[in-house]
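As structure tokens, the structure follows; a few thoughts come after it.
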Amino acid sequence: MTLKNKRIVLGVCGGIAAYKSILLLRLLKKEGAHVRVIMTKNAGYFVGPTTFEALSEKPVCMDLFEKTDDAAISHIKWADEADAVVVAPATANMIAKMANGLADDALSTFLLAVTTPVLVCPAMNTNMLLHPATQRNLETLRSDGFEVLETDFGKMACGTTGPGRLPDAEYILDRLKACLFSKDYEGKTVLVSAGPTREFIDPVRFISNPSSGKMGYAIARAAEQRGACVILVTGPTALEAPYHVEALPVDSARDMAKAVFENMDRADVIIKTAAVGDYRAKTQADQKIKKQNEELVLELVQNQDILKELGARKTRQFLVGFAAETRDLAANAGEKLKKKNLDIIVGNLVGSPDSGFQADTNKVTLFFKDGSSEALPLLGKDEVAHILLDRILEKNGN
Ligand code: CTP
């Protein structure tokens, strides 16, 4: 959980979308963040401070001159302590104030004192958004270094249809996390393969494996949040593709190989987490295979080893493989690292419920080309993803 124990300030302005900031607050709290809410007086007409107070478990700041001991300086204290700030919804009025350095209420005063990343999430009537003054102000905020989200297009509360809607809380949360990472993958393209493959034996049956794709998706998400351009070649999974990645869905190992080889030249880093089927049916029946004899023998032929082929073809690419083993992890992973000409192989012993295919956590050991290794403790797959991305940069001489 990348927001665990982070100090986040949620600024809420007076717009109909203020109710969505309640959902955002709940998501932030679920992630383990410490959230303080500053709301404008107008926001109070849409959602009462008591709701934010109850959900954030902290007093809400609405007024610069509240009758508490340190109210007048709390905006400076909060600004100093914040790891990141999100203003959702940000109204045209607040955006105008921010763009011009005005400080005439608690939120705008606080925002002038903040030095940590600020994510601005505009939400307003379409005409207000498209007004040249608002567009000019948004441009000013961007050039001042604020992260400004695009609004969603759709039906507005006022009845019109157009841009101006506040994006979903899940998306705002994802972008807030992205704000907290240094963009150390900016300018790099990372190709990730994820999930299982399916080898059909007839139109209704296939051979596959229980890979959930969670590890590969976590890597794709982490790389995107760190500024990479991400290509995700994915077998069938139940997961939503991470935001802003180029997802290329495939079924069989041969589909996966085609998508990977077609895109490998664009990639600076290739990470193959996919659990590729080693074999496919020698012939795929056109019609459903009918139940006949007591025994049915399936003839299988080997699929191409995509990773090995990448190792043979690679030029500048930094190549990372995964090795799921049931025993002799170091020996098996080390052998695959050499045989497939990899830079890093991530080995894990599958079998325990908290590590492997379906779990949200993973316990892996990184084996490096120079013969060294690093055993990681049991971690969330997103944490494993970030450590792997760190090591790739270190080993790649960045
Ligand atoms: N891999 C691949 N193409 C295949 C098989 C595996 O690209 N046809 C890749 C996987 O994506 C993974 C690595 O090779 O990154 C190791 O996969 P794994 O299944 O652990 O090993 P295999 O090489 O298939 O060997 P074995 O099944 O004998 O352990």
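Hydrogens, waters and symmetry mates play no part in the numbers below; they use all other heavy atoms, side chains included. Just follow the structure's listing: the first ligand is 1, and inside any ligand the first atom is 1.
- The closest side-chain heavy-atom distance from Val85 to Trp78 is not below 4.5 Å.
- Around ligand 1, the residues contributing at least one heavy atom under 4.0 Å from the ligand are Lys272, Ala274, Val276, Asp278, Gln304, Asp305, Ile306, Leu307, Gly321, Phe322, Ala323, Ala324, Lys336, Lys340.
- Residues Thr134 and Asn137 bring no donor and acceptor atom of their side chains to less than 3.5 Å of each other.
- Side-chain contact annotation: Glu53 with Thr51, donor-acceptor N/O pair under 3.5 Å absent.
- When only modelled atom types and interatomic distance are considered, Ser372 and Asp370 share a side-chain donor-acceptor pair under 3.5 Å.
- Contacts of Thr234 classified as side chain to side chain contact (heavy atoms under 4.5 Å, CB included), with partners at least two apart in sequence or in another chain: Tyr217, Leu232, Thr237.
- Between Asp174 and Glu170 there is no side-chain heavy-atom pair separated by less than 4.5 Å.
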